[in-house]
Amino acid sequence: MRLLALPGDGIGPEITAATLVVLRRAAARFALPVEVEEDVVGHEGLRRYGVTVRPDLLDKARAADGLILGPTATFDFKNPDKGEINPSMFFRKGLDLFANIRPSRTYPGLPQKLGPFDLVIARENTEGFYADRNMTEGNAEMLVTEDVAISLRRITRPACARIARVAFELATERRNHVTVVHKANVLRLGDGMFLEECRKAADDFPGVAVDDVLVDAMMAHLVRNPAKFDVIVTTNMFGDIISDMTAEASGSLGLGGSLNEGADYAMAQASHGSAPDIAGRNIANPFSLILSVALLLAWHARKKAAPKFADAAAAIENAIEAAIAAGEITRDIGGRLGTKETGEALAARIGGA
Ligand code: NAD
């Protein structure tokens with residue numbers, strides 16, 4: 001398995017280094033042929049090459065079996081004409097990674113602010129309100145006058161249909177329950193279409209229970225009783241927002257794994273941002289990116305029918321659960337270890353040295 005790793009900005013290099021220590025140990029333990037090549041995106045790309053993400057990185061990514069993308073300082077990148085391109089958008093769009101899978105669960109040993117839960121969000125990843133990626137040419141945000149801005153949201157039937165299918169397939173491997181989250185009472189056409197396509201997909205999965213909830217009410221339901229949800233399928237921005245909330249409810253934003261999947265390609269990416277407020281201090285939680293890499297290994301196992309990769313993914317997830325129970329964790333979730341030490345302790349738990 002050849003992987004391209006792009007550490008990114010802020011805490012990106014720290015959490016990527018810790019992640020690669022864990023990945024290499026898991027590969028050693030399960031005798032997996034994993035090779036990782038590193039390159040740069042974000043501010044480092046801007047400094048070295050005058051662009052946050054070089055166009056040739058797309059070919060480099062395609063030539064590999066998967067991508068590990070650290071968080072980047074996307075809010076700093078405002079002017080594409082000056083090479084300031086959002087790397088996350090670049091790869092999601094360029095590799096057609098249409099499904100963003102974001103599991104979220106509580107762990108024994110951490111405070112469970114909303115009680116125990118175990119759910120996964122299947123978020124549409126290519127269109128919706130994300131104006132920088134929902135057009136073939138140009139940007140779907142415009143300034144009509146200095147005081148009038150328009151942001152267009154694009155919803156297409158094929159994009160709705162394919163994320164719906166991913167969600168139902170996921171549910172068959174879990175607790176056979178899909179909740180469709182939308183705002184079809186207001187966005188009657190766009191979210192109406194999304195809901196319609198989800199209902200069509202449901203017809204092909206008679207064993208999966210399906211319900212739908214308006215996104216505003218969904219926030220209340222999640223805070224009240226997250227345990228009643230299994231797979232949540234939703235459009236791009238709603239999924240982005242809900243998943244930060246569920247990650248934090250599980251203990252920390254630093255705990256949310258995230259995989260961007262296409263038909264033949266996948267990219268592991270932490271669900272949080274570059275956290276400039278804590279960058280360079282060796283205190284960031286690396287678990288989000290590590291869990292994302294576990295998702296990538298499990299994806300690879302399914303695509304290549306290579307069960308050893310699934311064993312490695314499970315070993316990483318189990319080691320994280322055990323590390324949390326033992327308190328070998330960063331301070332955002334009540335521990336005392338640094339980012340580097342957390343990665344090393346996790347690698348030691350995986351064994352295989
Ligand atoms: P953020 O997710 O970086 O941070 C929000 C809060 O959570 C901060 O207090 C931060 O310290 C904390 N946090 C985040 N990750 C953590 C971790 N692993 N361990 C411990 N604490 C953690 O959001 P922000 O501060 O609003 O955004 C910072 C930058 O990241 C912005 O430029 C934003 O555009 C960008 N961003 C990038 C991505 C991405 O690359 N996928 C996603 C979201 C935001």
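Both counts, for ligands and for their atoms, begin at 1 and track the order of listing. As the structure is a computational prediction, the values presented were derived from the model and not from experiment.
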Out of Asn86, Asp76, Leu46, which residue meets the side chain to side chain contact (heavy atoms under 4.5 Å, CB included) rule with Thr52? Leu46
Side chain to side chain donor-acceptor pair (under 3.5 Å) between Glu124 and Thr126, worked out: CA-CA 6 Å; Glu124 202 292 320; Thr126 56; 2.5 Å; yes
Check whether any N or O atom of [X], backbone or side chain, sits under 3.5 Å from an N or O atom of ligand 1, and answer yes or no.
{"X": "Ala284", "result": "no"}
{"X": "Ser88", "result": "no"}
{"X": "Thr72", "result": "yes"}

Looking at Arg331, I want to see if its CZ is surrounded by more than 12 non-hydrogen atoms of other residues, nucleotides or ligands under 6.0 Å. no
Quick check on Arg175: does its CZ atom have over 12 non-hydrogen neighbours (other residues, nucleotides or ligands) under 6.0 Å away? yes
Go through the side-chain N and O atoms of Asn260 and Gln269 and say whether any donor and acceptor fall under 3.5 Å apart. yes
Do His272 and Asn285 have side-chain N/O donor and acceptor atoms under 3.5 Å apart? no
How close does the nearest protein non-hydrogen atom get to [atom], and which residue and atom is it?
{"atom": "atom 5 (C) of ligand 1", "answer": "Leu253 CD2, 3.9 Å"}
{"atom": "atom 8 (C) of ligand 1", "answer": "Asp277 OD2, 3.4 Å"}
{"atom": "atom 32 (O) of ligand 1", "answer": "Phe75 N, 3.0 Å"}
{"atom": "atom 43 (C) of ligand 1", "answer": "Gly273 CA, 3.5 Å"}
{"atom": "atom 28 (C) of ligand 1", "answer": "Pro276 CD, 3.5 Å"}

May I have the step-by-step check of side chain to side chain donor-acceptor pair (under 3.5 Å) for Ser252 and Asp332, ending in yes or no? CA-CA 7 Å; Ser252 165; Asp332 58 309; 2.7 Å; yes
Cation-pi check, Arg105 to Phe229: give yes when NZ or CZ is under 6.0 Å from the six-membered ring centre and within 45° of the ring axis, no otherwise. no
Pick whichever of [options] has a heavy atom sitting closest to [atom].
{"atom": "atom 15 (N) of ligand 1", "options": "Arg281, Gln269, His272", "answer": "His272"}
{"atom": "atom 18 (N) of ligand 1", "options": "Asn285, Ile283, Asn86", "answer": "Asn285"}
{"atom": "atom 21 (N) of ligand 1", "options": "Ile278, Asp9, Thr74", "answer": "Ile278"}
{"atom": "atom 30 (O) of ligand 1", "options": "Ser274, Ala275, Ser271", "answer": "Ser274"}

For [atom], is some protein heavy-atom partner under 4.0 Å away?
{"atom": "atom 26 (O) of ligand 1", "result": "no"}
{"atom": "atom 10 (C) of ligand 1", "result": "yes"}
{"atom": "atom 3 (O) of ligand 1", "result": "yes"}

Give the atoms of ligand 1, by number and element, whose distance to some non-hydrogen atom of Gly254 is under 4.0 Å. 17 (C), 18 (N)
Counting the benzene-type ring for Trp, do Phe238 and His182 have ring centres under 6.0 Å apart? no
Check for me whether Ala73 has a heavy atom closer than 4.0 Å to any atom of ligand 1. yes
Do Arg157 and Glu196 meet the salt-bridge criterion of a basic N to acidic O distance under 4.0 Å? yes
What do we get for Ile11 next to ligand 1 when only non-hydrogen atoms under 4.0 Å count, side chain, backbone, both or neither? side chain
Please check if Phe168 and Phe194 belong to a single hydrophobic cluster, counting links between Ile, Leu, Val, Met, Phe, Trp and Tyr side chain heavy atoms closer than 4.5 Å. yes
